[in-house]
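Numbers restart at 1 for each chain; the letters A, B, ... are given by sequence-line order, proteins then strands.
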Number of protein chains: 2
Amino acid sequence: MRDFSRSLPMSLLRAREAVMRQFRPSLRQHGLTEQQWRILRALAAIETVEVTELARTAFLLGPSLSRILRDLEARQLIERRTAKTDQRRSMVSISEKGVKLMASVAPSSEAIYAEITRRYGVRKLAELQEMLGELEQSLAGLGASEEAIAEE
Amino acid sequence: MRDFSRSLPMSLLRAREAVMRQFRPSLRQHGLTEQQWRILRALAAIETVEVTELARTAFLLGPSLSRILRDLEARQLIERRTAKTDQRRSMVSISEKGVKLMASVAPSSEAIYAEITRRYGVRKLAELQEMLGELEQSLAGLGASEEAIAEE
DNA sequence: CGCATTCACTTAACATGTTAAGTATCTCCC
DNA sequence: GGGAGATACTTAACATGTTAAGTGAATGCG
């Protein structure tokens, strides 16, 4: 079998870890995890969102998001209210306090991103992201649905 | 701030998830998680290893590895014994049962990898991995050490 | 020698990933 | 209009990620 240290999942994991290692200390100093930061960033760009839509945007599974929103709400970084038209839906938005926290984190976060871009190269970074997007595209629809049909 | 859905960590996360989504069902059918599979693969290529070295190879943190080894040992998929020369070190190796399990998983795993390669393209895949490796390299040594010095 | 330090893990504690099951609400169709 | 099925979450249960602290064994050095 192929040396697994050179497998695609491993390459992706290692690369992502190398990148996240840069950001975590800064986020941690502000009392945020990577996922909490993702959620705040997703909320900052929008008025309010449904939980399901937020899960899609922040690329989190429902259960994870559910827990994190509970905590962020307890810390008053976000606000929720149930939609008027559909009692099942919960509308989420970032709070004033959340906005301020983001403002205090953003500079360092931007600086780190800039340094990564500088080291790797702007053009190369764009190319890498393009290739990652294509990988994702090429695998879209290969997974769950067909298998599910086959198993039934 | 840059649309975070196009940030590098997000691109890497999405790409990796797209890939792993292909493997998880098969592994799950054999009662293995992604990490357990990584450990077995790392062990298959070697006689015995120390835990620390295995952590490096399988790219797992010590505490995660510690737990997983405990479980894999209970399932008799691996074997451990303490090193003669240094009682602190635990030498790990795959068991006969572990080898058999691997043999039963490998074909499907190889088939999935082949399909991914086919869809994305052999040359392109190699290029992507090359670029991921370079990203990792370009960030090596940017993180913990300097910060630690600065904080002291 | 003896003891402080380092080393190789392991435990602990908390946060998230992952799948399955539960709950409340809504929709649609008879 | 009422009940079956779909929808939007939430809870639960188990596994891992992440950091800090703990434990026992080796090492170095005065």
Can you check the A:R70 CZ to D:dT11 P distance for me, whole Å? 7 Å

Would you please say whether a donor-acceptor pair under 3.5 Å links the side chains of B:S108 and B:S26? yes

Without decimals, in angstroms, what is the distance between A:L27 CG and D:dT18 P? 13 Å

Surrounding CD of B:E73 (heavy atoms of other residues, nucleotides or ligands, distance under 6.0 Å), is the total greater than 12? yes

Roughly how many Å is it from CG in B:L61 to P in D:dT19, rounded to a whole number? 7 Å

At a cut-off of 3.5 Å, list every protein nitrogen or oxygen paired with a nitrogen or oxygen from nucleotides 12-16 of chain C, distance to 0.1 Å.
unit_1	atom_1	unit_2	atom_2	d
C:dT16	OP1	A:T33	OG1	3.0
C:dT16	O3'	A:Q35	NE2	2.8

So, OP1 or OP2 of C:dC9: does either fall under 4.0 Å of a side-chain N or O from B:T52? yes

For A:F23 and D:dT19, give me the distance from atom CZ to atom C1', rounded to whole Å. 20 Å

Separation of A:L13 atom CG from C:dG17 atom P, in whole Å? 14 Å

Among residues 80-91 of chain A, which contact DNA chain D at a heavy-atom distance under 4.0 Å? A:R80, A:R88, A:R89, A:S90

All side-chain hydrogen bond (donor to acceptor under 3.5 Å, both in side chains) counterparts of B:E50, not counting sequence neighbours: B:R89

A:R14: what forms a salt bridge (charged side-chain N to carboxylate O under 4.0 Å, His left out) with it, not counting sequence neighbours? B:E136

NA contact type, B:E53, heavy-atom cut-off 4.0 Å: base, sugar-phosphate, or nothing? nothing

Tell me: CE of A:M20 to P of D:dT18, nearest whole Å? 9 Å

Can you find a side-chain donor-acceptor pair between B:S11 and A:Q129 that sits under 3.5 Å? yes

Mind checking what makes salt bridge (charged side-chain N to carboxylate O under 4.0 Å, His left out) contact with A:R70, not counting sequence neighbours? none

Are B:Y113 and A:L8 close enough, and set up right, to give a side chain to side chain contact (heavy atoms under 4.5 Å, CB included), and what steps lead you there? CA-CA 9 Å; B:Y113 203 92; A:L8 179 58; 3.5 Å; yes

Would B:E17 and B:R21 pass as an ion pair if we require N to O under 4.0 Å? yes

Could you pull out all residues at least two apart from B:E53 that satisfy salt bridge (charged side-chain N to carboxylate O under 4.0 Å, His left out)? B:R56

Judged by each residue's nearest nucleotide on DNA chain D, which is more toward the 5′ side, A:L65 or A:R28? A:L65

